[in-house]
Amino acid sequence: MSEYVVAGCGIIGLYTTFHLLDRGIDPKKITVLAQHFPGDESINYASPYAGGDFSCITDDDPKTLFYDQYTYTNLKKIQKALGGPACGLDRYTSTEYWDIKPSKEKIDSLASYLDEYKVISPAKYPKGVQYGIQFKSWNFNCPYFLLNLKVYLENNGVKFEKTILTHITQAFISSHTKIIFNCTGLGSHSLGGVNDSNVYPTRGQVVVVKAPHITENVMRWGDDYATYIIKRPYSNDQLILGGYMQKDNWTADTFKDETEDIISRTTKLFPKIIDKNPNGDKLEILRVVAGLRPSRHGGVRIEKEVVGHNKFVVHNYGASGYGYQAGFGMAYDAVRLALINDTKF
Ligand SMILES: Cc1cc2nc3c(=O)[nH]c(=O)nc-3n(C[C@H](O)[C@H](O)[C@H](O)COP(=O)(O)OP(=O)(O)OC[C@H]3O[C@@H](n4cnc5c(N)ncnc54)[C@H](O)[C@@H]3O)c2cc1C
Ligand SMILES: *[C@@H]1O[C@H](CO)[C@@H](O)[C@H](O)[C@H]1NC(C)=O
Ligand SMILES: *[C@@H]1O[C@H](CO)[C@@H](O)[C@H](O)[C@H]1NC(C)=O
Ligand SMILES: *[C@@H]1O[C@H](CO)[C@@H](O)[C@H](O)[C@H]1NC(C)=O
């Protein structure tokens, strides 16, 4: 009896499913359909390639600020449900710098809820920086956390089925299916039904290095670039170095010149990576990967569509570069919309 079908098993589909359980929906009434599941890798599956931490990457419109805040303040609930930090979700200090000072709305919002928040004194800014803050972030071991989230949901009775959808209506897998959540990320660009031409990729490349001596995050936001260093928890000392934000670029290949540029920018921003490296000035590169952030002109789409008598699709996609850090708030909104006319809730 699949009353609820979640299409897509990236972080957005999994957060949405977790939130359905939070709202008291019987897990046995939920099926997750997807082409790719945790453990799989594909350029069409963004979630395993995220850095991923909670950062100040997002915009400053009220909805996005809410999605960030909701996620930040509710992650401890997910961490606890999954058995603690060893699920691949832990906390480290983040230092963030901007070349252009962010808006008052953004700063006020962050200052109101981030733990251990403080503004860095301008004397300490790298050259060209206008503003800097420090706070306690959430760090994800993305591939491992995805897997643990799926196992948790599966153990609670949620069904997972591998399927390639060519049309939206295929997600109505039984006559009992009432609500479909469309969490297909970049897939929404070409899926049959309502092809969303506002969806586009923002390509990133990251370099994963071994760095037992780094246990914090550092980032710098420029006008047309982003440089970041993210500690990956419970990963045998992996550190993620990035990055790139290439709009409308579908390339899955990785490039040596981009790897070199990333290493040069990150070690300049945070010299400790090299200075305190146990292997001297030679960094051990474990992996180089490219990923496509599922972006959308007009921002994320969280909308309810009536597609038949008592049949609805709730769209929840377009998380771009912030699925982990804002996605639980997106899930809250999507589930709220889904259940709004359901008298039981
Ligand atoms: C390099 C890089 C760094 C990033 N760093 C961060 C970070 O630090 N913090 C952060 O919050 N975010 C980060 N992100 C962004 C984050 O990865 C994305 O926002 C998030 O993964 C999007 O999740 P999603 O579930 O929407 O999409 P996806 O993970 O792409 O999942 C889509 C799902 O839909 C399924 N699907 C699609 N089409 C179909 C179909 N036709 N039939 C069946 N199934 C289908 C897929 O198989 C998959 O299961 C980063 C991304 C990249 C690339
Ligand atoms: C919509 O998606 C389908 C399935 O991928 C594809 O065949 C079709 O060409 C797309 N249409 C448009 C207008 O992009
Ligand atoms: C998801 O939304 C997109 C864009 O509206 C649409 O093309 C696609 O068919 C939808 N997919 C599902 C499974 O709902
Ligand atoms: C995509 O990015 C790669 C790497 O930066 C670059 O070589 C390529 O030319 C880009 N492609 C397009 C279509 O912009």
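Along the sequence shown, residues are numbered consecutively beginning with 1. Both ligands and their constituent atoms are indexed starting at 1 by order of listing.
Under a 4.0 Å criterion applied to the non-hydrogen atoms of S47, ligand 1 contributes the atoms 20 (C), 21 (O), 23 (O), 25 (O), 28 (P), 29 (O). In the vicinity of G291, heavy-atom distances shorter than 4.0 Å reach the ligand 1 atoms 53 (C). Heavy-atom proximity to D53, at under 4.0 Å, picks out these atoms of ligand 1: 7 (C), 8 (O), 9 (N). For ligand 1, the atoms sitting less than 4.0 Å from at least one non-hydrogen atom of Y49 are 1 (C), 2 (C), 3 (C), numbered in the order shown with element in parentheses. If you number the atoms of ligand 1 from 1 as listed, the ones under 4.0 Å from a heavy atom of G187 come out as 37 (C), 38 (N). The atoms of ligand 4 that sit less than 4.0 Å from any heavy atom of T251 are 1 (C). Using a 4.0 Å cut-off to heavy atoms of Q325, the atoms of ligand 1 that qualify are 11 (O). Proximity to A319 (heavy-atom distance under 4.0 Å) selects the following atoms of ligand 1: 19 (O). Shown in contact with L165 at under 4.0 Å from a heavy atom are these atoms of ligand 1, numbered in order with element: 40 (C), 41 (N), 42 (N), 43 (C).
At a heavy-atom distance under 4.0 Å, no atom of S188 approaches ligand 1. Only the backbone of T163 comes within 4.0 Å of ligand 1, counting heavy atoms alone; no side-chain atom from C-beta on gets that close. Contacts of V206 with ligand 1, taken as heavy-atom pairs under 4.0 Å, involve the side chain alone. When heavy-atom distances to ligand 1 are checked against a 4.0 Å cut-off, C183 comes that close only through its backbone atoms N, CA, C and O.
If you look at H189 and Y200, their ring centroids are not closer than 6.0 Å. Aromatic pair Y234/Y144: ring centres not closer than 6.0 Å.
The shortest contact between atom 4 (C) of ligand 4 and any protein heavy atom is with E258 OE2, 3.1 Å. What sits closest to atom 46 (C) of ligand 1 on the protein, heavy atoms only, is H36 ND1, 3.8 Å. Among all protein heavy atoms, the one lying closest to atom 15 (C) of ligand 1 is S320 O, 3.2 Å. Protein heavy atom at the shortest distance from atom 3 (C) of ligand 4 is N249 ND2, 3.6 Å. Counting only heavy atoms of the protein, atom 7 (O) of ligand 4 lies nearest to F255 CZ, 4.0 Å. Of the protein's non-hydrogen atoms, G185 CA, 3.9 Å is the one closest to atom 27 (O) of ligand 1. The nearest heavy-atom contact from the protein to atom 44 (N) of ligand 1 is Q35 N, 3.0 Å. In terms of protein heavy atoms, atom 17 (O) of ligand 1 is closest to A50 CB, 3.3 Å. What sits closest to atom 22 (C) of ligand 1 on the protein, heavy atoms only, is P294 CG, 3.7 Å. When only non-hydrogen protein atoms are considered, atom 51 (C) of ligand 1 lies nearest to R293 CG, 3.5 Å. For atom 35 (C) of ligand 1, the closest non-hydrogen atom on the protein side is G8 CA, 3.8 Å.
Using a cut-off of 4.0 Å between Lys/Arg side-chain N and Asp/Glu carboxylate O, E96 and K118 are scored as not salt-bridged. For the pair E258 and R203, the salt-bridge criterion is met [side-chain N within less than 4.0 Å of a carboxylate O].
Proximity of atom 9 (O) of ligand 4 to the protein is not indicated, since no non-hydrogen protein atom lies closer than 4.0 angstrom. The nearest protein heavy atom to atom 1 (C) of ligand 4 is closer than 4.0 Å.
The heavy atom nearest to atom 33 (C) of ligand 1, considering only C9, A34, A46, is found in C9. When A290, S55, G10 are ranked by how near their heavy atoms come to atom 31 (O) of ligand 1, first place goes to G10. Of all the listed residues (I230, N217, I12, I240), I12 holds the heavy atom that lies closest to atom 25 (O) of ligand 1.
Using the six-membered ring where Trp is involved, H36 and Y45 have ring planes that are parallel, under 30° apart on the 30 and 60° scheme. Classified by interplanar angle (parallel below 30°, tilted 30° to 60°, perpendicular above 60°), the ring pair Y324/F145 is tilted.
Inter-residue side-chain proximity for W98 and Q130 is flagged as unmet; no heavy-atom pair is nearer than 4.5 Å.
Remark: the T64 side chain and the T58 side chain contain no N/O donor-acceptor pair separated by less than 3.5 Å. No side-chain N or O of Y113 forms a donor-acceptor pair with one of D68 less than 3.5 Å apart.
For the side chain to side chain contact (heavy atoms under 4.5 Å, CB included) with T266, the lone residue among L283, T227, I274 that qualifies is T227. Screening Y67, Y72, F140 against F54 for a ring pair (Phe, Tyr, Trp, His ring centres under 6.0 Å) leaves a single residue, Y72. A side chain to side chain contact (heavy atoms under 4.5 Å, CB included) with D99 is found for exactly one of Y225, Y125, W221, namely Y225. Only one option out of T17, T177, V6, I173 pairs with T31 in a side chain to side chain contact (heavy atoms under 4.5 Å, CB included); it is I173. Under the side chain to side chain contact (heavy atoms under 4.5 Å, CB included) test applied with I229, the options T95, N217, L241 reduce to a single match, L241.
Both tests hold for K150 against F37: distance to the six-membered ring centre under 6.0 Å, angle to the ring axis within 45°. Both tests do not hold together for K29 against Y4: distance to the six-membered ring centre under 6.0 Å, angle to the ring axis within 45°.
Close N/O approach between R203 and ligand 4 is not found [any backbone or side-chain N/O within under 3.5 Å].
Using a non-hydrogen distance threshold of 4.0 Å, Y317 does not register as a contact of ligand 1. Not a single heavy atom of Q205 sits less than 4.0 Å from an atom of ligand 4.
With hydrogens and angles disregarded, no donor-acceptor distance shorter than 3.5 Å links the side chain of N198 to the backbone of G298.
Heavy-atom minimum distance, H19 versus Y70: CE1-OH, 3.3 Å.
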